[in-house]
Structures are given as C-alpha cells and as structure tokens.
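Note that the structure is predicted; figures quoted are calculated from it, not measured.
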Amino acid sequence: GETRSLADQVKSLSEQAENYQNQVAHKKDKASKIQEEFTTEISSLESEIVYLKQDSEKGIGRVLTLQNQNDLLNESNMKQKDVISSLSMKIENNRETLGAKNDIIAKLESDLFTQVGTLTKAQAEIKSLSEDIESLLDQSQADQKNAASSALEYEEMEHQYIKMVRSLEKGMSRKSGELELAQGEVESLSVE
C-alpha cells in the first residue's frame, strides 16, 4: 500500500514538474513574442525618427530657401526704389529745364514782337519817304520846265533821297534777317 502511495506521489510530482516545464516554456514563448513585438516597434520607431529627422532637415532647407528668396526680393525692392528715386530726380530736372526753355521762348517771342513793331515802323517811314521823293520828283520836273538852271540842284537832291531810301532798305533787310533768325530759334526751342 505504501509503495503504491509513493508511486502515486512520484507520478504526481512528475506531472507537476512537467506542468511547470510547460508553463515555463509557455512563458518563455510569450516573453519571446513580447520581445519580438518590442524589437519590431523599436525598429519602426527608429525608422520614423530617421524619417522625421529627414523631413525636419527638408523643412529647414525650405525655410533657408524662403529666407534667401525673401532677401533677394528685399534687395530687388531696394534697387527698384533707387531706380524710382533716380527717375523722379530726372523728371524734376527735366521740369526745371523745360521751365527755363519756356522762359527763353517767352523772351524771344517778346523780342520778336518788338522787332516786328520796329520793322513795321521802318516800312511806314520808307513808304512816307518814297511818297515825299515822288512828290519832290514831280515838283523837280515842273521846276525844270520853268527853270533849267536849277536842274543840277534837283538832281543832287534826288540823289541824296535815293541814297537815304537805299540805306533804309538795307536796314529793313537786316531787320528781316534778324527776325527770321529769332523765329528759327523759337521754333527749334518749341520742338525740343
């Protein structure tokens, strides 16, 4: 009876030992699976960290590119402001030059008006003198019929008047030339 009891105990202990071994194997298997899952997860996280680092570097690269573009735009804006400022100065200078030219034109027009007046006056004087000469010539011819002795005096007078007329005509011609020159200057300044 005791032998059987011992045998039962040995069998029971053997079963317990086998049971423990099975539990240990099961736990080892479970631990191995958990270890594998952690390794996979760690590997996945490491990959993600690498990807995020690369993405971050790309982002920094994009930020630097944008900063460079911004710097270039600022530089371009400064250049454009300088160009605009330079053009404004040129416009102002042109306005001043134009104002000065307009003053010159106004003065030349005034001088021209004066010269036209002088020329008109000279023409009137010539006309008056021509009429006087004609009157004197008529008178001279009448006097020649009446007194042949005074013919030489009349001829001398006639000669003097002709000289006066020619002198006035030369003066008028010179004034005409000056008037044409002044008109030319006004026209050229107006064109400019």
TODO: Examine the side chains of Glu156 and Gln160 and answer whether a donor and an acceptor come within less than 3.5 Å of each other.
DONE: yes
Task: Distance (rounded to the nearest 0.5 Å) between Thr120 OG1 and Gln115 CD - done: 11.5 Å
Task: Heavy-atom donor-acceptor pair, Ser167 side chain to Lys163 backbone, under 3.5 Å - done: no
Open item on the list: Tell me if a side-chain donor or acceptor on Ser130 pairs with a main-chain N or O of Ile126 at a distance below 3.5 Å.
Closed with: yes
TODO: In plain terms, say whether Asp103 and Lys107 are close enough for a salt bridge, that is, a side-chain N and a carboxylate O under 4.0 Å apart.
DONE: no
Open item on the list: Test your reading of the model: is there a side-chain donor-acceptor pair from Ser135 to the backbone of Glu131, 3.5 Å cut-off?
Closed with: no
- [ ] Measure the spacing between CD of Gln23 and NZ of Lys30 and express it to the nearest 0.5 Å.
- [x] 12.0 Å
- [ ] Kindly determine whether Val50 and Gln54 satisfy side chain to side chain contact (heavy atoms under 4.5 Å, CB included), including the steps that lead there.
- [x] CA-CA 6 Å; Val50 169; Gln54 285 174 350; 3.9 Å; yes
Task: Check: Ser76 side chain, Leu72 main-chain N or O, donor-acceptor pair, under 3.5 Å - done: no
Task: Thr65 side chain reached by Arg62 side chain, heavy atoms, under 4.5 Å - done: no
Open item on the list: Could you see if Leu181 belongs to whatever hydrophobic cluster contains Met172? Use Ile, Leu, Val, Met, Phe, Trp, Tyr and a side-chain cutoff under 4.5 Å.
Closed with: no
TODO: Without swapping roles, check the side chain of Ser44 against the backbone of Thr40 for a donor-acceptor pair under 3.5 Å.
DONE: no
Task: Ser14 side-chain N/O to Val10 backbone N/O, donor-acceptor pair under 3.5 Å - done: no
Task: Heavy-atom check, side chain of Asn94 versus side chain of Leu98, under 4.5 Å - done: no
Open item on the list: Taking Ala106's backbone N and O only, do any of them form a donor-acceptor pair with Ser110's side chain (distance below 3.5 Å, no angle check)?
Closed with: no
- [ ] Taking Ser128 for its side chain and Ala124 for its backbone only, find out whether a donor-acceptor pair lies under 3.5 Å.
- [x] no
- [ ] Look at Arg166 together with Glu169 and state whether they make a salt bridge at an N to O cut-off of under 4.0 Å.
- [x] no
Open item on the list: So, taking the atom named CE in Met78 and the one named CD in Gln80, what distance separates them when rounded to the nearest 0.5 Å?
Closed with: 11.5 Å
Task: Shared hydrophobic cluster, Val186 / Phe113 (ILVMFWY, side-chain heavy atoms < 4.5 Å) - done: no
Task: Check: Lys28 main-chain N/O paired with Ser32 side-chain donor or acceptor under 3.5 Å - done: no
Task: Pairwise distance CZ(Arg174) to CG(Leu119) - rounded to 0.5 angstrom - done: 11.5 Å
Open item on the list: So Thr118 and Lys121, do their side chains get closer than 4.5 Å, heavy atoms only?
Closed with: no
Open item on the list: As an exercise, state the distance from CD1 of Ile133 to CE of Met157, rounded to the nearest 0.5 Å.
Closed with: 10.5 Å
Open item on the list: Just verifying a value: how many Å separate Lys81 NZ and Ser88 OG, rounded to the nearest 0.5 Å?
Closed with: 13.0 Å
TODO: Check whether any side-chain heavy atom of Glu158 lies under 4.5 Å from a side-chain heavy atom of Ile162, and answer yes or no.
DONE: yes
